[in-house]
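Only one structure is covered here, and it is reproduced in the block below.
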Amino acid sequence: MKCVACGFEGPVDKFRYLYNARIDASMSMRQCPKCNEWNAVDELKDEALEIVNPGDAPWGKSAGIEGISA
Amino acid sequence: MASCNECKSFFSLEDDDSMGDCVRRIVDPRQAYYQAKPVEADNDSSNCASFQKK
Amino acid sequence: MATTAKEIKEFEEKQEWWWVAEKTRSSRLDYLRKAVWKKGALGGNYAPGIEIDLEFPELYTETWQENEGDPIMLRKAKSIGNVLENLPIFITDQSQIVGCVGSAPHNIVSYWQGASMINEEIYNEQGILPQPEEKSLERLAALNEYWGGNTALDELAKVLDPEDAVKFMSGAIGWGTPSSAVGYATKDFRHIGKGFENIIEEIDENMERTDKLLRGNPSPDLLPLYDKLPRWEAMQEVLDAAIEYAARYARLARIIAENFETDPKRKEELLRIAETCERVPAQPPRTLQESIQYDHFVQVVVRYETYEGAMPHRPDYLHGPFFDKDVNINKSITRDDALDLLGEHLIRTYEIGIFSPRWTREGLQGITGTWVWTMGGVNEDGTDACNDCTTAYMQVARLVRIANPTFSFRWHPKVKDELMREIFECIRHGLGYPSLRNDPILVENAMYWHGHPLREARQWVTQSCMSPCPPTKYGCQPFRMASATANCAKIVEYTLHNGYDNVVNMQMGPKTGNAVDFKTYDEFFEAWTKQMKWLLNILVRTVALGRAKDPEFFSRPILSAYYERAVETGTDAVDYTNGERGNAWVTAFTWVENADSLAAVKKLIYDDKKYTMAELIEALKNNWDGKEEMRLDFVNNAPKWGNDDDYVDDIMVQCLKTTAAHGKEIKCVCGNNIPILPENVSGNIHYANVVSALPNGRRLGDALYDGGISPGPGLDKKGPTAVLKSCGKIDHVLDGRAFLLNQRLSPTQLAGEKGYQLWKSYVKSWDDLGMDHVQFNMVDDSTLRAAQKDPEKYQEVIVRVAGYSAHFVDISRKTQDNIIQRTVQGLG
């Protein structure tokens with residue numbers, strides 16, 4: 001897997017698992033061992049999708065009517 | 001030697017003038033307040049940075 | 001420049017309630033609100049400028065050392081007396097209520113007699129030591145050297161079963177300190193309200209009577225009386241010291257008025273403060289200001305004895321008659337004056353700051369303790385107890401917007417619509433409180449589980465976040481929950497791993513068998529039951545011993561003086577033989593994971609046979625790594641709690657009923673039952689790295705579910721009625737002591753009159769289904785995300801975390817994300 005921020009490459013388990021974006025999606029947050037940035041990771045593809053900064057919500061809207069109104 | 005009872009901040013107890021309160025106004029980053037700390041009247045205050053002669 | 005009505009309207013339309021509050025509150029409340037220091041840890045760390053008070057422990061320790069030969073309660077009373085008489089005090093500009101725990105507004109305190117491990121943690125805590133740091137470290141080292149090995153918890157460790165102690169203190173299965181050094185106690189306000197001088201007189205009479213007996217005919221009955229005398233002396237000592245402490249404030253107020261203050265109006269206020277402190281707590285209050293000041297002194301003084309992390313209390317009931325007399329009958333003060341006093345009451349309480357060890361700070365992010373104040377409810381005779389003061393507290397809460405204390409409202413069918421609107425406004429303004437408690441259900445529950453008589457049960461207050469307790473002579477609970485807090489997700493985890501804990505790497509629970517060998521779901525559930533019983537037993541056993549030994553190892557002179565039964569019998573308030581009825585419960589953290597995990601195992605392993613138990617255990621041991629498809633199957637294709645699905649709901653009810661049956665088998669120190677009470681504070685975040693991967697699809701590291709019976713965030717897919725229907729399958733009287741339900745609602749949907757009516761009909765369904773608790777977050781995603789991005793601009797956004805509220809910017813990123821992930825329910 002390749003860090004979106006610094007390009008570090010390594011197996012997915014080298015990126016420290018932080019927590020899930022939501023339990024019913026395959027996306028999680030993992031931290032790059034080189035630059036410490038938070039990557040949003042697709043766990044089905046072992047692929048880093050984007051860097052997650054405070055306020056970002058790569059999982060989209062919350063479930064319920066918040067999601068519907070998106 | 002200066003002692004606390006010579007200071008403007010010293011207020012002796014009504015029933016015991018050997019004791020009193022050192023009352024100081026303090027302004028911290030959030031608020032202003034008066035603080036009272038019990039002290040003995042003849043306490044040596046020569047090293048007290050806040051000492052102000054009455 | 002003054003804010004115009006138009007500008008305020010704009011803030012209201014944008015639902016920026018914090019600006020509305022700032023622009024509409026009095027200038028006094030505005031100053032006091034901004035002046036108060038934030039003492040809850042911010043995501044685990046203390047804010048810059050917060051300092052530990054070292055004068056307090058030094059004064060305490062000095063007297064403690066001088067009185068080595070005294071019985072513990074008297075030795076302690078003298079030590080507290082020295083603190084109350086000599087610790088610096090302060091009066092903040094514009095303030096009308098005085099008294100603080102600590103010698104300066106930015107101080108937090110700790111209790112060196114409590115626990116060496118907390119003392120050592122303070123020594124190593126960065127950023128809270130007074131400057132120069134080197135000098136502070138020397139002072140701390142001296143304190144720690146004296147107390148090391150001699151604190152209440154050190155003494156308890158010497159008598160605990162070593163295996164129980166190691167498991168209890170591992171941090172894996174529960175939390176809490178089995179000592180009243182860290183706890184909370186109900187206050188017997190009917191007794192306290194007599195005035196301290198009258199309590200001192202009562203003690204005098206008891207001592208005189210006892211003294212006469214001791215000079216009479218010798219008998220074995222006389223022997224216990226000798227120990228009572230120093231305890232009574234201790235109670236008098238602390239009451240006298242508390243009166244002196246108030247007198248010191250009176251003196252300071254007069255000194256300021258007569259020597260420094262130039263504004264005649266403020267001078268008058270200072271003289272009123274002086275008169276108030278000369279009256280209370282020595283004598284009963286006569287006015288609203290005296291009543292609030294009395295109440296505040298009671299709460300502050302007891303926090304010079306110990307870390308009381310909760311505030312069981314009914315302030316509208318206590319102050320309501322004075323509010324009515326001063327504002328509505330005598331008109332001696334205006335309603336605005338009264339709001340200033342109530343608002344400052346909230347602020348002064350928020351000001352209390354006590355050092356928490358790191359694990360507590362993670363579990364209670366953003367606050368010092370769960371000061372949950374109980375409002376509303378009924379009188380002893382069942383009539384409506386809500387009054388004008390209840391309404392005023394709701395109104396002023398929206399003006400001062402603090403996260404601690406929060407309110408728990410005892411809802412019942414006779415509550416008037418006008419008051420319900422005030423409550424809804426608090427929720428709509430995003431305070432996250434009051435929570436709603438179903439009074440008839442909880443009165444019945446108190447009678448069922450603990451045998452409290454009806455008239456006492458009707459007086460209940462929230463003992464900590466959730467559990468009701470009657471604040472009566474024999475109902476008052478002096479010691480935390482008198483049982484324990486359990487990390488319940490470990491029950492299903494240990495069932496899967498034969499009692500072995502793969503996170504702390506030790507055998508914790510009993511060896512209930514290799515799960516691979518269980519042929520049926522019933523066998524699996526049988527093992528679950530054994531693990532559940534083991535968990536409750538070890539925690540209750542440990543805390544019960546701590547409770548029994550507490551008068552010997554820690555001692556509570558102030559609390560004893562506050563308890564009629566302790567004053568009457570010359571015993572320590574914590575002594576379980578003085579008539580206490582017993583009101584214990586086990587707080588069940590991380591409970592719902594059990595239902596969802598058991599349902600997943602039953603469905604995918606035993607019913608559908610899609611996976612083998614061996615495959616599941618292997619995946620869990622590897623934290624689902626490389627098994628994402630399988631993990632998603634366990635999340636999405638196994639029924640989840642909160643969707644009105646009988647498959648999983650029946651499992652939830654079975655777990656609760658099995659545990660409730662055990663709650664009738666195990667007994668507290670008073671011999672009463674111990675139900676469970678599912679809730680989490682922010683333990684769901686604290687335990688995220690302690691609970692291993694589970695069959696509900698979570699990994700080690702993921703937040704656990706947030707409530708006591710709240711569905712998993714995002715997993716309640718069928719709307720709010722389905723959530724209520726699932727939760728309504730629980731018997732909220734027979735199946736446990738109380739059940740915490742978090743719900744997130746949309747502020748946009750619930751705007752205006754239509755919004756109120758939708759919410760009100762939701763409350764009706766909640767009551768129809770016989771539920772005991774619900775609380776609401778009503779802040780939208782976009783505001784919360786904006787606050788994450790730009791915290792400086794959103795300092796005043798409040799959220800409901802669990803049994804308490806916190807400022808959103810004060811909680812960790814993970815907790816913030818967990819709140820954002822919760823489903824936003826649409827009503828109607």
Side-chain angles (χ1 to χ4, degrees), chain B, chain C residues 28 30-39 47-51 53 55 59 82-95 98 100 102-107 130 244-245 247-262 266 270 273-274 277-278 347-348 350-351:
Chain B
M1 182 191 84
S3 58
C4 283
N5 61 1
E6 295 168 51
C7 176
K8 277 185 182 172
S9 303
F10 181 80
F11 296 87
S12 64
L13 297 184
E14 293 78 7
D15 53 352
D16 177 6
D17 61 9
S18 71
M19 289 293 297
D21 278 311
C22 169
V23 177
R24 301 220 305 250
R25 182 161 176 81
I26 299 172
V27 181
D28 75 16
R30 296 189 77 92
Q31 63 175 266
Y33 60 96
Y34 289 92
Q35 189 185 53
K37 185 183 167 88
V39 288
E40 289 177 19
D42 60 1
N43 195 38
D44 178 8
S45 56
S46 44
N47 290 325
C48 176
S50 308
F51 182 84
Q52 283 182 288
K53 194 142 178 76
K54 270 180 188 166
Chain C
R28 184 200 306 274
D30 194 48
Y31 176 81
L32 295 173
R33 177 63 185 83
K34 289 171 180 166
V36 71
W37 286 78
K38 190 175 268 193
K39 296 178 181 173
I50 295 297
E51 284 184 359
D53 197 312
E55 287 194 71
L59 286 166
N82 190 30
V83 174
L84 292 176
E85 284 162 21
N86 290 297
L87 193 71
I89 57 169
F90 64 91
I91 296 179
T92 300
D93 283 4
Q94 301 201 39
S95 174
V98 296
C100 186
S103 54
H106 62 295
N107 280 6
E244 172 58 24
Y245 176 68
R248 290 179 59 209
Y249 279 101
R251 187 175 132 73
L252 176 58
R254 283 195 195 283
I255 290 171
I256 304 167
E258 288 161 9
N259 298 278
F260 300 101
E261 188 56 60
T262 52
R266 180 59 184 158
L270 285 160
I273 290 171
C277 295
E278 280 154 2
I347 291 166
R348 291 275 82 84
Y350 180 65
E351 189 175 44

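Since the model is a prediction, treat every value here as computed from it, not as a measurement.
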N/O donor-acceptor pair under 3.5 Å between B:Gln35 side chain and C:Ser103 backbone
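Answer holds: yes.
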
Highest number of heavy-atom pairs under 4.5 Å with chain C: which of B:Pro38, B:Cys22, B:Ala32?
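Counting heavy-atom pairs under 4.5 Å, the top option is B:Ala32.
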
Minimal non-hydrogen separation, [X] against [Y], with atom names:
X: C:Thr92; Y: B:Tyr33; value: CA-CB, 3.7 Å
X: C:Ala35; Y: B:Gln31; value: O-NE2, 3.0 Å
X: C:Pro88; Y: B:Lys37; value: CG-CG, 3.8 Å

Evaluate side-chain contact (heavy atoms from CB on, under 4.5 Å) for B:Arg30 paired with C:His106, printing each intermediate quantity in order.
CA-CA 9 Å; B:Arg30 296 189 77 92; C:His106 62 295; over 6 Å; no

Just wondering, more than 12 heavy atoms not from [X] lying within 6.0 Å of its [atom1]?
X: B:Lys8; atom1: NZ; value: no
X: B:Glu40; atom1: CD; value: no
X: B:Arg24; atom1: CZ; value: no

Residue part contacting chain B, namely of [X], when any heavy atom lies under 4.5 Å:
X: C:Ile89; result: both
X: C:Gln94; result: neither
X: C:Tyr31; result: side chain

Between C:Phe260 and B:Tyr34, what is the ring plane arrangement, given parallel below 30°, perpendicular above 60°, and tilted in between?
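It falls in the tilted class, 30° to 60°.
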
Can you tell which part of B:Ile26 gets under 4.5 Å to a heavy atom of chain C, answering side chain, backbone, both or neither?
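When you check distances to chain C, no heavy atom of B:Ile26 falls under 4.5 Å.
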
Side chain from CB out, backbone as N, CA, C, O: work out which of these in B:Asp21 comes under 4.5 Å of a heavy atom of chain C, or both, or neither.
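Backbone plus side chain of B:Asp21, per the 4.5 Å heavy-atom cut-off to chain C.
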
Measuring from atom CZ of B:Phe11 to atom CD of C:Glu258, what distance do you get when rounded to the nearest 0.5 angstrom?
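Here the rounded value is 9.5 Å.
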
Quick check for you: among C:Trp37, C:Tyr249, C:Phe90, which has the greatest number of heavy-atom pairs under 4.5 Å with chain B?
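Ranked by contacts with chain B, first place is C:Trp37.
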
